[in-house]
Amino acid sequence: MTSALEHRTNALPAHDLFGHPRGLTFLFTTEMWERFSYYGMRALLVLYMTQYLLLPDHVHDVLGLAMLKRALEGVSGPLGTQPLSSQIYGLYTGLVYLTPLFGGILADRLLGQHRTILLGAALMAVGHFMMAFEPLFLVALVTLILGNGAFKPNISAQVGGLYAPGDPRRDRAYSIFYVGINVGALLAPLVCGTLGEQVAFHYGFAAAGIGMTIALVVYAFALPVLPRDELHRAKAAAVEKKPLRRNDWLGIVALLALFVPTAFFWATYEQQGNTIVLWAEDHTNRYVDLLLWRGEIPITWFQAFNPLLIIAFTPFVVGLWARQAKRGSEPSTVIKMSLGCFGVALANLIMVGAAWNAAGDEASWLWLATSFVGNVLAGWLGSFWSGMDKITFFLMMAGIATVAGAIILAFDRPLRGAIRDEAAAR
């Protein structure tokens, strides 16, 4: 028996808009607002904990925090305000990247993509609004983690479902979709961060909640023009499970080989939402004089540099790789990954220069424009911030990123064939 939701999602044809299915516009907008909410909240998270929530006057009001702190201290030893905030930040962002595995399973085997995305969006909207209530801080983080896990893997999968197999527009569609991610990430610190810093933290979190609510409404409105759930397609086609082929196993080996160095990359890269925020707060001269305007750059605005430059430079990088591909000299996927690690290492070496230049004083805000610096490991590494010399800290980050890049580079030749065979099999 066809459910009302299934009927609705197949009620209208998906007419093209600017050469792409209309559904892409809605998915772009939904993802943009979801990323606005995520990065808006993340821009404020560490500042909220170190400046307000984990201070003695408020820390005892948070439900479950004492138990969590004892558990973390059982592993890491006594934790002050900054190390504790770093560990919480790391757990949050780490679980945000882990739970999509289970969200995909939930959609594929039980609810279908549409219902799972709606559930995830609703949970995230509620979680952002819950952040405005201090006792519910940890409950809000758990709600956001679960919502992200349900939402994130399934929204991306639906982009490909808009196109028939072999449609050349599919790759361009993902590029357009990726722009939506970075537009949301660019606007989030400027809006949510400004409200949180200049008015009150709770206003910033509420703005993130409003963004997520918009994402939920847009997606619900778009259901008639989106592709059918993979769950319903599989049921209709009575898809049989097949044993893994040789190419499947090669792909698994490639993923396992890159697991550890990729984790090191994210551990250093994710410092941009953690210790780089603290550097901007305590060690950066944020005053600017633009003749027509003078004042201090809000701390959270520095987190807009990363998506801004991704938007600005991605077309040039993609164009470069396209020209190299025509000449047969495009770097392999593994080499591109290693270059990303070396880029993070260079960024941290630049921050070493900033710390050296500051010599215990404040460095120019321009240093931060060059640093776009996973997750649980990032939180653990960030906990060393308050007890470590800043030059040594950034050297440590640069060293970890360099080692990760070297390991990935070493796997280039062994994995190139595996990745090529897997791509050919598809």
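Numbers for residues simply follow the sequence, beginning at 1.
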Any side-chain to backbone donor/acceptor pair from [X] onto [Y]? Under 3.5 Å, distance only.
X	Y	value
S37	E34	yes
E73	L79	yes
T30	F26	yes
E31	F177	no
N182	I311	no
S85	T50	no

Next on the checklist: Any donor-acceptor pair under 3.5 Å linking the side-chain atoms of Q198 with those of Y203?
Outcome noted: no
Checklist entry - Looking only at side chains, do W33 and T213 share a donor and an acceptor under 3.5 Å apart? => result no
Can you see which heavy atom on [X] is nearest to which on [Y], and at what distance?
X	Y	value
F36	A207	CE2-O, 3.6 Å
G127	A140	O-CB, 3.5 Å
Q158	P227	O-CG, 3.7 Å
M212	A125	CG-N, 3.4 Å
G103	N154	O-ND2, 3.5 Å
L24	L162	N-CD1, 3.5 Å

Item to check | Check against side-chain contact (heavy atoms from CB on, under 4.5 Å), Y38 and V96 | outcome: CA-CA 10 Å; Y38 173 79; V96 158; 4.0 Å; yes
Next on the checklist: Does T143 form a side-chain contact (heavy atoms from CB on, under 4.5 Å) with L136? I'd like the steps, not just the answer.
Outcome noted: CA-CA 10 Å; T143 305; L136 300 180; over 6 Å; no
In Å and rounded to the nearest 0.5 Å, what is the [atom1] to [atom2] distance from [X] to [Y]?
X	Y	atom1	atom2	answer
L44	I299	CG	CD1	10.0 Å
W301	L186	CH2	CG	11.0 Å
H114	I155	NE2	CD1	9.0 Å
L144	M130	CG	CE	8.5 Å
R42	T93	CZ	OG1	8.0 Å
H58	Y52	NE2	OH	4.0 Å

Checklist entry - Out of Y48, F133, F129, F137, which one pairs with F205 under the ring pair (Phe, Tyr, Trp, His ring centres under 6.0 Å) rule? => result Y48
Check whether any side-chain heavy atom of [X] sits under 4.5 Å from a side-chain heavy atom of [Y], and report yes or no.
X	Y	answer
E134	H202	yes
L187	Y39	no
V46	S86	no
F151	L123	no
L65	L53	no

Next on the checklist: Would L27 and L226 count as a side-chain contact (heavy atoms from CB on, under 4.5 Å) here? Give the steps.
Outcome noted: CA-CA 9 Å; L27 293 177; L226 296 179; 3.9 Å; yes
Checklist entry - How far apart are the C-alpha atoms of M131 and L141, what are their side-chain angles, what is the distance that settles it, and do they pass the side-chain contact (heavy atoms from CB on, under 4.5 Å) test? => result CA-CA 8 Å; M131 289 288 293; L141 291 184; 4.1 Å; yes
